[in-house]
Amino acid sequence: MFSALLRPGVELRLPEERSAAPLYRVVDAEREHLQPWLAWVSERTSEEDMLAWIRAVREQFAENKGFSAVIWIDGRIAGVIGILPINWQHRKAEIGYWLAREFQGRGIVTDACRAVIRHLLIDLDLHRVEIQCASANVRSRSVPQRLGFTHEGTLRDAHWVNGRFVDLEVYSLLRGDFKG
């Protein structure tokens, strides 16, 4: 099982079925904050939807195709960090994340990304990690910038979110770049 203690009181853990209801409550409470950036938010409208997602990501983990981890802060669900399916042929993966507003600005997502990057590049021996962020999402873009990722460019109208296209900024980190 993937888990990581980031600092006292802050940890990453694979989602468990019993977390479906509290995780859904956090997503629902943060819906207005998350919807401009994340297409899946409008698709998760019930605890059952969250339970189906948890089962899918646990299956993804069991099949060694990636994982998602819940970010816990002092026993409360604060967000999620996840890996889109790992591309084993090209030894690369993409990280995505979100965090409830009340926990932002403390470096938590940066720490979570650092732990996941270490796992991907060192433990799984991948070569490349990507982060793609909506161009207008300044907070999200600051994470790969702080972690020393290289900005590779902008994908124009690359993501359909809530009835509109958004541009995505592409960042990468190669194993040789990782100082972590």
Side-chain angles (χ1 to χ4, degrees), residues 1-16 18-42 44 50 53-54 57 61 66-84 93-124 126 129-152 159 161-162 166-175 177-180:
M1 289 297 207
F2 176 83
S3 65
L5 180 64
L6 303 179
R7 57 175 98 148
V10 181
E11 64 181 311
L12 303 179
R13 292 192 309 235
L14 288 176
E16 298 177 353
R18 65 183 178 192
S19 299
L23 185 56
Y24 173 74
R25 284 193 296 274
V26 174
V27 169
D28 197 44
E30 296 293 323
R31 195 169 298 280
E32 184 179 315
H33 169 66
L34 298 173
Q35 275 184 320
W37 317 117
L38 302 169
W40 60 262
V41 174
S42 60
R44 300 224 177 89
M50 194 59 67
W53 173 80
I54 289 170
V57 298
F61 180 76
F67 62 91
S68 290
V70 175
I71 302 169
W72 292 85
I73 300 176
D74 296 327
R76 293 175 52 206
I77 294 174
V80 170
I81 186 166
I83 306 303
L84 278 63
E94 181 183 338
I95 299 174
Y97 44 80
W98 64 268
L99 194 66
R101 284 173 289 198
E102 72 177 285
F103 300 106
Q104 293 181 354
R106 302 183 200 173
I108 292 164
V109 169
T110 302
D111 288 350
C113 281
R114 192 176 287 114
V116 169
I117 292 163
R118 183 177 301 110
H119 178 68
L120 293 172
L121 296 179
I122 305 304
D123 300 338
L124 299 183
L126 297 183
V129 176
E130 294 180 6
I131 295 177
Q132 296 185 10
C133 308
S135 297
N137 192 339
V138 176
R139 280 185 175 266
S140 188
R141 290 178 59 188
S142 69
V143 173
Q145 291 166 355
R146 274 193 299 276
L147 290 167
F149 277 60
T150 297
H151 180 251
E152 295 189 341
H159 203 59
V161 181
N162 297 310
V166 298
D167 294 347
L168 293 178
E169 302 302 323
V170 179
Y171 298 89
S172 70
L173 186 74
L174 304 180
R175 184 173 182 165
D177 301 334
F178 184 58
K179 301 191 180 9

Sort out for me which residue in P144, S140, S135 forms a side-chain contact (heavy atoms from CB on, under 4.5 Å) with E169.
S135

Tell me, with the steps shown, if W53 and V27 meet side chain to side chain contact (heavy atoms under 4.5 Å, CB included).
CA-CA 13 Å; W53 173 80; V27 169; over 6 Å; no

Report the distance from atom CD of Q104 to atom CZ of R106, rounding to the nearest 0.5 Å.
10.0 Å

Is the closest side-chain heavy-atom distance between H119 and L124 below 4.5 Å?
yes

Closest heavy-atom pair, I108 versus R7, reported as atoms and distance to 0.1 Å, is N-NH2, 3.7 Å

Can you check whether V70 reaches L12 side chain to side chain, under 4.5 Å on heavy atoms?
no

Would R118 and F178 count as a side chain to side chain contact (heavy atoms under 4.5 Å, CB included) if you check the C-alpha gap in whole Å, the side-chain angles of each, and the deciding distance to 0.1 Å?
CA-CA 8 Å; R118 183 177 301 110; F178 184 58; 3.9 Å; yes

State which residues pass side chain to side chain contact (heavy atoms under 4.5 Å, CB included) with R76; sequence neighbours excluded, sorted by chain then number.
E102, F103

Pick from D111, V116, V109, T110: which one makes a side-chain contact (heavy atoms from CB on, under 4.5 Å) with C113?
V109

How many angstroms lie between atom CZ of F149 and atom CD1 of I117, to the nearest 0.5 angstrom?
3.5 Å

Starting at NE2 of H159, measure out to CG of L38 and round the result to the nearest 0.5 Å.
7.0 Å

Are I77 and W72 close enough, and set up right, to give a side chain to side chain contact (heavy atoms under 4.5 Å, CB included), and what steps lead you there?
CA-CA 5 Å; I77 294 174; W72 292 85; 3.5 Å; yes

Identify the heavy atoms of S42 and A39 that sit nearest to each other, and give their distance.
OG-O, 3.2 Å

Interatomic distance, CZ@F61 vs CD1@I83, rounded to 0.5 Å, equals 11.5 Å

Could you pull out the closest heavy-atom pair between P15 and S68, with the gap in Å?
CD-O, 3.0 Å

Least distance between heavy atoms, L168 atom then A134 atom:
CD2-N, 3.7 Å

Closest non-hydrogen atoms of V26 and A100, given as atom of the first, atom of the second and distance, are CG1-CB, 4.4 Å

Has E30 got a side-chain atom pairing as donor or acceptor with R101's backbone, closer than 3.5 angstrom?
yes

Is the shortest distance from a Lys or Arg side-chain nitrogen in R31 or D28 to a carboxylate oxygen in the other one below 4.0 Å?
yes

Give the intermediate values and the outcome of side chain to side chain contact (heavy atoms under 4.5 Å, CB included) for residues L147 and L173.
CA-CA 9 Å; L147 290 167; L173 186 74; 5.9 Å; no

How close do A78 and L99 get, counting heavy atoms only, and between which atoms?
O-CD1, 3.4 Å

Side chains of S172 and E130, donor plus acceptor under 3.5 Å
no

Nearest-0.5 Å distance, CD of residue E11 to CD1 of residue I73
10.5 Å

Can you spot which of Q145, E152, E94 makes a side chain to side chain donor-acceptor pair (under 3.5 Å) with Y171?
Q145

Once you round to the nearest 0.5 Å, how far does CZ of R141 lie from CD1 of I131?
12.5 Å

